[in-house]
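A quick write-up on the structure given underneath.
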Amino acid sequence: MPSINTLSPQLANQIAAGEVVERPASVLKELVENSLDAGATRIDVEIEQGGVKRLCVRDNGCGIQQADMSLALSRHATSKISDIDDLEAVATLGFRGEALASIASVSRLSLTSNNGENQGWKAVSEGRDMTVDVQPAAHPAGTSVDVRDLFFNTPARRKFLRTETTEYNRIDDYAKKLALSHMQVAFSLKHNQRVNLNLQPAETVLEQEKRVADICGKPFMEQALFVDNQRTGIRLWGWIGLPTFSRSQTDLQHFFVNGRSIRDKVVSHAVRQAYQDVLYHGRHPAFVLFLEIEPKDVDVNVHPTKHEVRFRDSRSIHGFVSGTLKKALAQDRPQDHLQPNESQSLLSEETIPTQSSMGLTPTSTPFSYGSQSAAFKGQSINTPMNAYQSLYGDGGVEQSETIPPLGFAVAQLKGIYILAENEQGMIVVDMHAAHERITYEQMKSDFDKEGLISQPLLVPESLSVSQREADAVEQNPDVFVRLGFSVERAAAESVVVREIPALLRGTQVEALLRDVISDVLEHGTSERIRHQINKILSTMACHGSVRANRKLTIPEMNALLRDMEATERSGQCNHGRPTYFQLSLDELDKLFLRGR
């Protein structure tokens with residue numbers, strides 16, 4: 001067996017480089033994070049050949065003193081922490097003191113800096129054994145790091161790099177994440193002498209929205225909701241895409257914790273749970289969210305690349321994120337996207353259609369999911385004419401009144417769609433999808449008022465579980481009681497189920513309970529029971545809602561439109577499909593080439 005030897009500093013640095021320097025994008029991330037920690041308000045990045053030939057980062061931060069230039073390229077040298085107390089409340093992006101030394105060990109690196117003195121200094125390292133040459137150099141206040149010929153001395157690593165286009169796309173993605181994480185910093189990115197990104201500081205909400213639109217695209221901002229919620233020691237703010245702006249992949253999901261871009265299972269699960277009721281199957285939400293939390297309540301030192309964090313109270317974070325997004329999505333109504341123009345008045349009386357002009361026969365047959373439906377009770381809007389007359393009165397237009405956001409029904413198309421007219425133009429409503437959401441939300445509301453009713457099992461069911469799972473059952477009795485279960489620990493690796501939610505009778509109790517226990521172990525709570533109940537209510541609402549080819553009267557159609565305006569999440573049905581579309585007069589004019 002070979003004897004034990006101490007690794008050479010160069011080899012130790014190259015091993016560390018394997019953890020933090022996977023490709024040119026990793027270099028960019030480490031260098032830009034150092035610039036941000038230095039208080040830079042402007043960062044300029046220049047790259048050549050996808051960052052393999054050259055990658056340069058310049059900033060106007062605080063700079064480095066002459067005495068610290070060579071030390072900055074040493075391993076485990078940092079100005080950001082000094083003792084264990086600092087490590088337990090890290091407030092900077094970088095703190096390990098490995099980045100520059102690791103990068104220098106696999107490239108030709110030059111570090112030029114000026115901390116505000118008359119003279120700047122330049123340190124050069126070319127992958128040698130900790131040898132650093134420091135010389136005077138002209139440089140404005142701030143720091144420049146120029147990295148050339150990445151992996152020139154480790155060809156085995158270099159052959160794993162992809163094409164120039166692929167490596168640049170990785171850099172572009174990282175650059176955009178870093179630009180999003182610190183809105184107040186000006187940022188530019190140049191590739192092969194071509195400027196691809198040039199962002200000015202964004203201080204106001206309007207400027208921040210422009211930066212998000214520049215990075216994530218205008219369609220995202222046009223279909224995004226702004227959220228901002230805070231409680232003691234924690235704040236969540238940012239933008240979430242409407243369910244109709246869903247994606248086939250998770251390419252437009254940005255989550256930042258104290259300015260650090262992270263991927264976290266707790267957060268991902270909370271977001272999926274918030275969108276559970278409104279997102280089409282197989283689609284993914286888009287969001288740009290910022291979580292601000294006390295540094296002592298989050299551990300960022302759990303991964304070499306700092307892509308992952310660990311929350312001190314993950315259950316609380318999960319509930320806060322999920323609850324905030326659920327509330328924002330629930331409060332989104334059609335009127336939030338169909339605001340009438342204040343300068344417009346109601347349509348003239350000559351343009352109001354009547355039932356006779358549309359060939360409709362009045363009928364008084366009501367429809368509902370049952371006697372509890374509030375969808376079409378007490379509605380007295382007989383026709384569009386009467387609706388408008390109720391606003392006009394006998395005289396002229398009453399300026400204080402406005403047309404509802406979804407307007408008034410005009411006709412029914414093929415027994416499937418409702419055509420309505422509002423101030424912007426025409427509304428097309430899928431009547432089954434809309435009524436399904438209304439019925440579903442009413443059922444959930446009624447169910448929440450009554451609460452979960454448990455039903456005792458005729459014969460208690462025994463389940464064999466692991467000791468860890470049995471411990472979870474014993475340590476979290478309130479969680480299972482709240483979910484409608486009566487579960488007791490019978491032995492070291494066995495539990496007994498005595499009661500289950502009454503609405504779930506006939507389901508596979510064992511499989512469901514095992515999933516619930518797994519959720520409790522992973523997240524400290526479980527939404528599976530509620531999800532199962534919601535699936536049952538959704539199915540009931542689907543079967544109880546108005547079907548295609550059902551002829552509706554004008555009063556029924558108008559009542560449906562009014563209920564849509566008053567119902568949470570009415571923009572989507574229970575399966576995530578849209579319930580209505582707006583066609584403005586401008587869009588209609590374009591279809592018929594009017595004005596050309």
With rounding to the nearest 0.5 Å, note down the distance linking CZ in Phe485 to CD1 in Ile517.
-> 9.0 Å

Rounded to the nearest 0.5 Å, what's the gap from CG on Leu236 to CD1 on Ile293? Could you check?
-> 11.0 Å

Shortest non-hydrogen pair, Val473 vs Phe480, comes out as CA-CE1, 3.8 Å

Between Thr250 and Arg263: side-chain donor-acceptor atoms closer than 3.5 Å = no

Is it true that Arg235 and Asp228 make a salt bridge, defined as a side-chain N closer than 4.0 Å to a carboxylate O?
-> yes

Check for a donor-acceptor pair, side chain of Glu493 on one end and backbone N or O of Ala470 on the other, with a separation under 3.5 Å.
-> no

Rounded distance [0.5 Å steps], CG in Leu560 versus CE in Met564 | 6.5 Å

Going from CZ on Arg247 to NE2 on His284, what distance comes out if it is rounded to the nearest 0.5 angstrom?
-> 11.0 Å

Paired with Asp277, the side chain to side chain donor-acceptor pair (under 3.5 Å) test is passed by just one of Lys444, Lys326, His575, namely Lys444

Between Glu292 and Trp237, is any pair of side-chain heavy atoms under 4.5 Å apart?
-> yes

Not counting sequence neighbours, which residues clear salt bridge (charged side-chain N to carboxylate O under 4.0 Å, His left out) with Arg260? List them please.
-> none

Under 3.5 Å: donor-acceptor pair, side chain of Ser268, backbone of Lys265 = no

Does the Arg211 side chain pair with the main chain of Ala179, one donor and one acceptor, at a distance under 3.5 Å?
-> yes

Qualifying residues under salt bridge (charged side-chain N to carboxylate O under 4.0 Å, His left out), relative to Glu209, sequence neighbours excluded = none

For atom CZ of Arg231, is the number of surrounding heavy atoms from other residues, nucleotides or ligands below 6.0 Å larger than 12?
-> yes

When you measure from the side chain of Ser322 to the backbone N and O of His318, does any donor-acceptor pair fall under 3.5 Å?
-> no

Would one find more than 12 heavy atoms of other residues, nucleotides or ligands at under 6.0 Å from atom OH of Tyr417?
-> no

Name the orientation class of the two ring planes belonging to Phe287 and Phe255 (parallel below 30°, tilted from 30 to 60°, perpendicular beyond 60°).
-> perpendicular

Looking only at non-hydrogen atoms, find the nearest pair between Leu561 and Gly407 and report the distance.
-> CD1-O, 3.7 Å

Separation of Ile418 CD1 from Asp430 CG (nearest 0.5 Å) | 9.0 Å

For residues Val267 and Asp264, report the shortest heavy-atom separation together with the two atoms involved.
-> N-OD2, 3.1 Å

Please check if the side chain of Thr324 supplies one atom and the backbone of Phe320 the other of a donor-acceptor pair under 3.5 Å.
-> yes

Spacing of Asp519 atom CG and His269 atom NE2 [to the nearest 0.5 Å] | 5.0 Å

Taking Arg489 for the side chain and Glu474 for the main chain, is one N or O donor matched with an acceptor at less than 3.5 Å?
-> no

Might you work through the side chain to side chain contact (heavy atoms under 4.5 Å, CB included) test for Leu521 and Glu469, ending with a clear yes or no?
-> CA-CA 7 Å; Leu521 285 171; Glu469 291 173 327; 3.8 Å; yes

Closest non-hydrogen atoms of Val227 and Ala328, given as atom of the first, atom of the second and distance, are CG1-CB, 3.4 Å

Side chains of residues 213-226: which donor-acceptor partners sit under 3.5 Å, not counting sequence neighbours?
from	atom 1	to	atom 2	distance (Å)
Asp214	OD2	Lys210	NZ	3.1
Gln223	OE1	Thr244	OG1	3.4

Where Ile403 and Asn422 come nearest, the two heavy atoms and their spacing = CG2-CA, 4.3 Å

Who pairs with Asp313 by salt bridge (charged side-chain N to carboxylate O under 4.0 Å, His left out), at least two apart in sequence or on another chain?
-> none

Considering residues at least two apart in sequence or located in another chain, which fulfil the salt bridge (charged side-chain N to carboxylate O under 4.0 Å, His left out) criterion with Glu461?
-> none

Does the pair Glu510/Arg514 count as a salt bridge with the N-to-O cut at 4.0 Å?
-> yes

Does Lys590 come within less than 4.0 Å of Glu587, counting only side-chain N to carboxylate O?
-> no

Would you confirm whether His307, through its side chain, and Ile262, through its main-chain N or O, come within 3.5 Å as a donor-acceptor pair?
-> no

Under 3.5 Å, side chain of Glu421 to main-chain N/O of Val410, donor-acceptor pair present?
-> no

Do other residues, nucleotides or ligands put more than 12 heavy atoms under 6.0 Å from the CZ atom of Phe311?
-> yes

If only atom types and distance count, is the side chain of Gln273 paired as donor or acceptor with the main-chain N or O of Gly319 below 3.5 Å?
-> no

With sequence neighbours excluded, what pairs up with Glu499 under the side-chain contact (heavy atoms from CB on, under 4.5 Å) test?
-> Ser454, Pro456, Ser486

Can you name the nearest heavy-atom pair linking Ala490 to Val496, along with the distance?
-> CB-CG2, 3.6 Å

Looking at Phe408, is Arg562 sitting on its ring face, NZ or CZ under 6.0 Å from the six-membered ring centre and within 45 degrees of the normal?
-> yes

Heavy-atom side-chain proximity of Ile317 to Ile234 below 4.5 angstrom | yes

Without swapping roles, check the side chain of Arg437 against the backbone of Ser570 for a donor-acceptor pair under 3.5 Å.
-> no

